[in-house]
Amino acid sequence: MRIAASWFWLACLGWITAANAADAPGFDTRPEQAVIARLLPQQARQFELAALPANDGSERFRISRANQHIKVEGSTPSALLFGVNWYLKYVAQVQISPNGDRVGSAPFPLPDHTIDGQAHYAHRYALNENVDGYTAPYWDWPRWQREIDVLALSGVNAVLVERGMDSVLYQTFRDVGYADAEIRQWITQPAHQNWQLMGNLCCFNGPISTTLMQQRAASARQIVARLRELGITPVLSGFYGIVPADFQKRFPQAHVVPQGEWAGFTRPGWLDPRDPLFAKLAASFYRHQHDIFGDSSIYDMEVFQEGGDAGDVPVPEAARDVQNALLSAHPGAKWMMLAWQGNPRQDLLAGVDRQHLLIVDIDHDRVPRDNREKDFQDASFLFGGIWEFGGRTTLGANIRNITERLQRLGRTQRNMAGTALFTEGMDTNPFAFDLFTEMAWRIDPVDTKQWTANYVRRRYGADDAHASAAWNVLLATAYDIRIDEVVFNSERDAAQESLFDAQPSLTVNRASNWSPEAMRYSAEAFKQALPEMLKVSPALRGSETYRYDLVDIARQTLANESRLLLPQIKAAYDGKDRPRFHTLTQRWLQLMDLQDELLSTNRFFLVGRWLAAIEPWASTPEERERLSYDGRSLLTTWGDRKASEGASLHDYGNKDWAGLTRDYYRLRWATYFNGLDEALRTGATAKPIDWFAMGDAWNHGTQHYPDQPAGDAHEVASRIEKVLAPSRH
């Protein structure tokens, strides 16, 4: 969707002439030039873009100089923009990243030789289904536009779009007789809605308003239009049979398999795809989806996701009919599904045309399974990069999985068709993001140390001994995650969380139930990174990229300290040493105060930014309360008491964010320590604390939090380094 004023501006600057556009073989480069204008406003005029002939069908780019311009050519829009990014990274040595840019205003150098590059995989997909919960449910258009620009520049050519599917579901079930209020009560609010699309839950915090659905549909159209403009395939949700729980009561002849519960939530029922009503609903779903989004070539469907039950339905036949309904509406389309927790089932694969499948491989067994030709019955798959869960602010990744296993499978598995950026949230770990998205364009082994040295140079602006020393520490710790010794509860490549975010206990070892239970590297070794970052040359400290990394490293240093400090607190309590218990718990709370102050200095760590994004979507005070609860609860209790406590979903979406740290995490620990201190004083057993009630009170709170940063990150991080320094000796 183009904005007339921006195109007038482009035309006035004369960056693209009508002749160039007419002569370009294959595609119009004006949308790509607009990306450059948005991301590089000071240097955009230096670029001359052109389309390359496709030749053998492989995607390729070429960088050269022409008429004192930086000429970048590509055989597809994606290849063209990735070529621009390659120039930025390896010639201009600047950076556009998910967490800050370092571009400056100076002219870029012209290339001194021609550079050719090629994509080695046809598919470079992005976005976990959960991103629409943990990161993007309330993004406005400027925020989505920025994300699309960064993904496009990173070579991504397929992006999941779940926004607007509520309108599709609404219209589909209205077609078979459901009343307006009934179906709106069934549809979940935005931050939890993607789990409904995966068949995990329904009916939470409803009803969704008609106005909100209309706003989301309009927003979805804008997102999809921009993706198509840039040659990016919008991946849409498909219909595989989710229905309201009372569907069989309304249609007694229908065959519906109850799905029970998922993590304490009632799951939607599953309509047998062999049932005649299935074809009718699917046709309605795809028709209404077409009206909002148009058509696509990839559709995401997670049948039997995390415990779904086939009941008495023969799975091969059901899968065949799910696929037939998709292909009837969209001939030639691919069915995208996950390899996760036993899926896709072998009998499901056996029942479908596997030439029309695209499997995102995020299976995280302790021993990686590398025979994916056999496991997927030759169906094409994408290598999934998933190093972060729940949108958490953890720092780290198993980069050997990116630089070694990804390339090994690309060489040995004929059915590996691409990569999938599949973290459960965005806006974390820009290093892993940059490395992973580049791997689809590399065939030779990566020298990790040299790659990192280049990354640090472009991220901060020059070679700096202290920056290099800090990143050598990170490479040996947070980005060298080992899976051999630590219990990890399904999150194989994830870093450990901060215990500051955990529901208090003297023996707690993680904040969320499924995360790693211990440190995956030495906390003392990691601690050496912070003083080195603080010593980086003052001339390099002004960039947004440096400031983000400084805050993130200082934040992670504090998080790691929580794991060193808690056993000491427990020992003092068990030994009934009240003075030492008081000293240590006050230190714990002091570190949390410092963390909140640190996080307040950077826009990426503000709960106020998350909450401020929600308010514009509400059309009434009542809806404002409901949407605020939707967004807040995902960070804390996740859902109601049954889900939070009974299914241990609480704190799955924990985040080191200013405001949330002060008013929720710190309050929990202070309350807990006060209770234990009273028990030491009186000899009585500490009173139990209703943690769900404490979280739910914050969920329904009306506290205002700043959505703009304040304070000096370097100054606060310096104080943190001094406070932690004695423990290093």
Side-chain angles (χ1 to χ4, degrees), residues 130 133-135 137-138 188-192 195 200-201 203-206 262-265 389-394 424-425 497-515 559 562 566 588-589 592-593 595-596 599 605-611 614 624-676 686-705:
N130 294 354
Y134 294 124
T135 303
Y138 293 103
T188 301
Q189 304 293 353
H192 289 78
W195 287 277
N200 296 139
L201 59 82
C203 325
F204 178 63
N205 190 29
W262 173 86
F265 288 96
F389 292 77
R392 301 173 211 147
T393 47
T394 49
E424 285 193 351
E497 303 157 305
S498 171
L499 297 187
F500 292 145
D501 301 351
Q503 186 168 291
S505 161
L506 292 179
T507 57
V508 68
N509 59 14
R510 59 199 189 278
S512 58
N513 189 56
W514 293 274
S515 62
S562 70
L566 190 62
W588 178 282
L589 297 176
M592 293 192 75
D593 288 336
Q595 174 178 284
D596 194 80
L599 300 173
F605 297 98
L606 304 176
V607 75
R609 198 163 166 247
W610 170 261
L611 297 175
I614 297 173
R624 186 177 299 111
E625 290 181 14
R626 185 175 289 119
L627 298 187
S628 177
Y629 175 77
D630 181 46
R632 284 173 176 247
S633 62
L634 198 67
L635 307 176
T636 57
T637 61
W638 212 99
D640 58 17
R641 187 181 291 273
K642 185 177 182 181
S644 183
E645 294 183 340
S648 299
L649 268 183
H650 65 84
D651 299 304
Y652 186 87
N654 72 84
K655 292 178 171 69
D656 291 350
W657 278 355
L660 185 65
T661 295
R662 182 188 68 238
D663 288 352
Y664 179 57
Y665 299 135
R666 188 191 189 283
L667 177 62
R668 290 199 301 187
W669 280 104
T671 302
Y672 180 65
F673 289 149
N674 287 340
L676 294 184
K687 296 179 181 179
I689 299 169
D690 188 340
W691 298 117
F692 175 80
M694 187 176 290
D696 210 42
W698 189 83
N699 296 343
H700 288 96
T702 58
Q703 310 96 317
H704 174 76
Y705 296 98

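Nothing here was measured: the structure is a model prediction, and the numbers come from that model.
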(message) How close do G425 and T135 get, counting heavy atoms only, and between which atoms?
(response) CA-OG1, 3.2 Å
(request) Scan side-chain atoms only and decide if E497 and N654 contain a donor-acceptor pair under the 3.5 Å cut-off. (result) yes
(message) As a quick check of understanding, evaluate side chain to side chain contact (heavy atoms under 4.5 Å, CB included) for R666 and L589, giving each step before the final call.
(response) CA-CA 7 Å; R666 188 191 189 283; L589 297 176; 3.6 Å; yes
(message) How close do D501 and K655 get, counting heavy atoms only, and between which atoms?
(response) OD2-C, 3.9 Å
(message) Ignoring hydrogens, what is the shortest heavy-atom contact between S505 and V508? Give both atom names and the distance.
(response) O-CG1, 3.4 Å
(request) Kindly compute the distance separating CD (E625) from NE2 (H700), expressed to the nearest 0.5 Å. (result) 8.5 Å
(request) Kindly indicate whether the side chain of S515, heavy atoms from C-beta on, has any atom under 4.5 Å from the side chain of F389. (result) no
(request) Give the minimum heavy-atom separation between D640 and F204, together with the two atoms involved. (result) N-CE1, 4.0 Å
(request) Please assess E645 against H650 for the test side chain to side chain contact (heavy atoms under 4.5 Å, CB included), listing each intermediate value before the final yes or no. (result) CA-CA 7 Å; E645 294 183 340; H650 65 84; 5.6 Å; no
(request) Indicate yes or no for a side-chain donor-acceptor contact from D630 to the backbone of A191 under 3.5 Å, with no hydrogens or angles considered. (result) yes
(request) To the nearest 0.5 Å, tell me how far L606 CG sits from L611 CG. (result) 10.5 Å
(message) To the nearest 0.5 Å, what is the distance between CG on L599 and CZ on F605?
(response) 6.5 Å
(message) Do T661 and F500 make a side-chain contact, defined as non-hydrogen atoms from C-beta onward lying under 4.5 Å apart?
(response) no
(request) Taking the side chain as every heavy atom from C-beta outward, state whether H192 and W638 have any pair of such atoms under 4.5 Å apart. (result) yes
(request) Answer yes or no: is there a side-chain heavy-atom contact under 4.5 Å between P504 and W691? (result) yes
(message) Would you say that R641 contacts D690 through its side chain, given a criterion of any heavy-atom pair below 4.5 Å between the two side chains?
(response) yes
(message) Is there a side-chain contact between L667 and D663 in this structure, where contact means two heavy atoms from C-beta onward sitting under 4.5 Å apart?
(response) no
(message) Rounded to the nearest 0.5 Å, what separates atom OH in Y629 from atom CD in Q189?
(response) 11.5 Å
(request) With R392 as the cation and Y652 as the aromatic partner, state whether NZ or CZ is under 6.0 Å from the six-membered ring centre and within 45° of the axis. (result) yes
(request) Apply side chain to side chain contact (heavy atoms under 4.5 Å, CB included) to the pair W195 and T188, showing each step before the final yes or no. (result) CA-CA 9 Å; W195 287 277; T188 301; over 6 Å; no
(message) How close do A643 and F265 get, counting heavy atoms only, and between which atoms?
(response) CB-CE1, 3.4 Å
(message) If the test is side-chain contact (heavy atoms from CB on, under 4.5 Å), which one of D651, D596, L499, T636 qualifies with Y665?
(response) D651
(request) Could you tell me how the ring of W588 sits relative to the ring of W669: parallel (under 30°), tilted (30 to 60°) or perpendicular (over 60°)? (result) tilted
(request) Could you please spell out the steps behind the side chain to side chain contact (heavy atoms under 4.5 Å, CB included) verdict for L660 and Y705? (result) CA-CA 9 Å; L660 185 65; Y705 296 98; over 6 Å; no
(request) Can you see which heavy atom on S644 is nearest to which on G639, and at what distance? (result) CB-O, 4.4 Å
(message) Any heavy-atom pair between the side chains of Y664 and L635 that's under 4.5 Å?
(response) no
(message) Would you say that W698 contacts T637 through its side chain, given a criterion of any heavy-atom pair below 4.5 Å between the two side chains?
(response) no
